[in-house]
K.L.:
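Quick one: the structure is below, questions incoming.
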Amino acid sequence: MELQLEQLRQQCVQCQRCSLCQTRTNVVFGTGVPNAEVMFVGEGPGQNEDEQGLPFVGRSGQLLDCYLQAIGLHRDKNIFIANIVKCRPPNNRDPLAEEWEACMPWLRQQFSIIQPKIVVCLGRIAAQRMIRPNFSVSKEHGQWVEKNGVFFTATLHPAALLRNPIQKPIAFEDYVAIREKIQQICTHTYSSNTK
Ligand code: URA
């Protein structure tokens with residue numbers, strides 16, 4: 001599994017399937033443990049992520065890490081974090097349909113290797129691509145949708161919470177519900193034996 005994911009990463013960092021390859025500094029493949037039962041999916045890299053080649057390393061990433069820590073999750077221990085698009089859209093605009101369509105096969109392959117039991121969509125773009133095209137994060141965050149035995153949910157994007165901090169407690173409830181779901185259906189996320 002580890003080897004498969006590494007092989008996929010090596011292919012992905014050379015990707016030229018859409019024009020974002022011309023403006024990126026680094027492909028942001030994703031980070032975490034290969035046997036994660038819980039996967040978080042964001043929208044796409046911002047400037048910091050593009051520079052470092054890692055997801056969620058800017059201010060919104062710091063906030064995400066706080067929420068994760070609060071429910072016993074850590075990007076290097078028991079989850080995997082990826083994005084809908086692996087390369088930064090210029091000026092952080094929304095990814096275009098042709099960009100996310102070109103990029104989705106990478107995420108699908110990450111899914112088939114990692115085989116998560118729970119997928120948490122961070123924000124509208126991820127929720128609409130992963131759950132339903134007309135999914136409303138503001139109205140439907142925290143709800144669970146089961147597809148082929150995998151449980152999907154969405155919460156507010158951490159960048160949106162930085163812009164609108166009054167919503168932080170609402171998002172925290174989503175994380176508490178994620179912890180409960182993990183306790184119900186995951187076998188090793190909360191045990192020390194993550195390998
Ligand atoms: N926002 C995202 O959606 N993904 C990142 O990796 C960073 C910020």
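Both ligands and their constituent atoms are indexed starting at 1 by order of listing.
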K.L.:
For atom 4 (N) of ligand 1, find the nearest protein heavy atom and state the residue, atom name and distance (0.1 Å precision).
P.N.:
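The closest one turns out to be Asn83 OD1, 2.8 Å.
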K.L.:
Would you indicate which of Arg88, Arg59, His157, Glu49 comes nearest to atom 1 (N) of ligand 1 when only heavy atoms are counted?
P.N.:
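That would be His157.
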K.L.:
Heavy-atom pairs closer than 4.0 Å: do any link ligand 1 to the side chain of Glu43, the backbone, both, or neither?
P.N.:
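For Glu43, the contact with ligand 1 is made by both the backbone and the side chain.
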K.L.:
Would Thr187 and Glu37 count as having a side-chain donor-acceptor pair, cut-off 3.5 Å?
P.N.:
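Looking only at side-chain atoms, Glu37 and Thr187 do form a donor-acceptor pair, the distance falling under 3.5 Å.
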K.L.:
Is Lys117 positioned over the aromatic face of Phe151, cation under 6.0 angstrom from the ring centre and no more than 45 degrees off axis?
P.N.:
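No, a cation-pi geometry is absent between Lys117 and Phe151.
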K.L.:
Using distance alone, decide if ligand 1 has a nitrogen or oxygen within less than 3.5 Å of any nitrogen or oxygen in Gly46.
P.N.:
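So ligand 1 has no N or O lying under 3.5 Å from an N or O of Gly46.
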K.L.:
Mind checking whether Phe40 and Tyr175 have parallel, tilted or perpendicular rings, split at 30° and 60°?
P.N.:
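Phe40 vs Tyr175 ring planes: parallel.
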K.L.:
Are Arg17 and Trp106 in a cation-pi contact, defined as NZ or CZ under 6.0 Å from the six-membered ring centre and within 45° of the axis?
P.N.:
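Yes.
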K.L.:
So, for Phe135 and His141, is the gap between ring centers shorter than 6.0 Å?
P.N.:
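No, the ring of Phe135 stays outside the 6.0 Å limit from the ring of His141, centre to centre.
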K.L.:
Under a 4.5 Å side-chain heavy-atom rule over Ile, Leu, Val, Met, Phe, Trp and Tyr, are Met104 and Leu96 clustered together?
P.N.:
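Met104 does not cluster with Leu96.
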K.L.:
Looking only at protein heavy atoms, identify the closest one to atom 5 (C) of ligand 1 and say how far it is in Å.
P.N.:
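For atom 5 (C) of ligand 1, the nearest protein heavy atom comes out as Gly44 O, 3.4 Å.
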K.L.:
Output the list of atoms in ligand 1 that are nearer than 4.0 Å to some heavy atom of Gly42, sorted by atom number.
P.N.:
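Answer, ordered by atom number: 3 (O).
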K.L.:
Within less than 4.0 angstrom of ligand 1, does Val28 place any heavy atom?
P.N.:
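Under 4.0 Å: no for Val28.
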K.L.:
Could you list which atoms of ligand 1 come closer than 4.0 Å to a heavy atom of Pro55?
P.N.:
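It comes down to these atoms of ligand 1: 6 (O).
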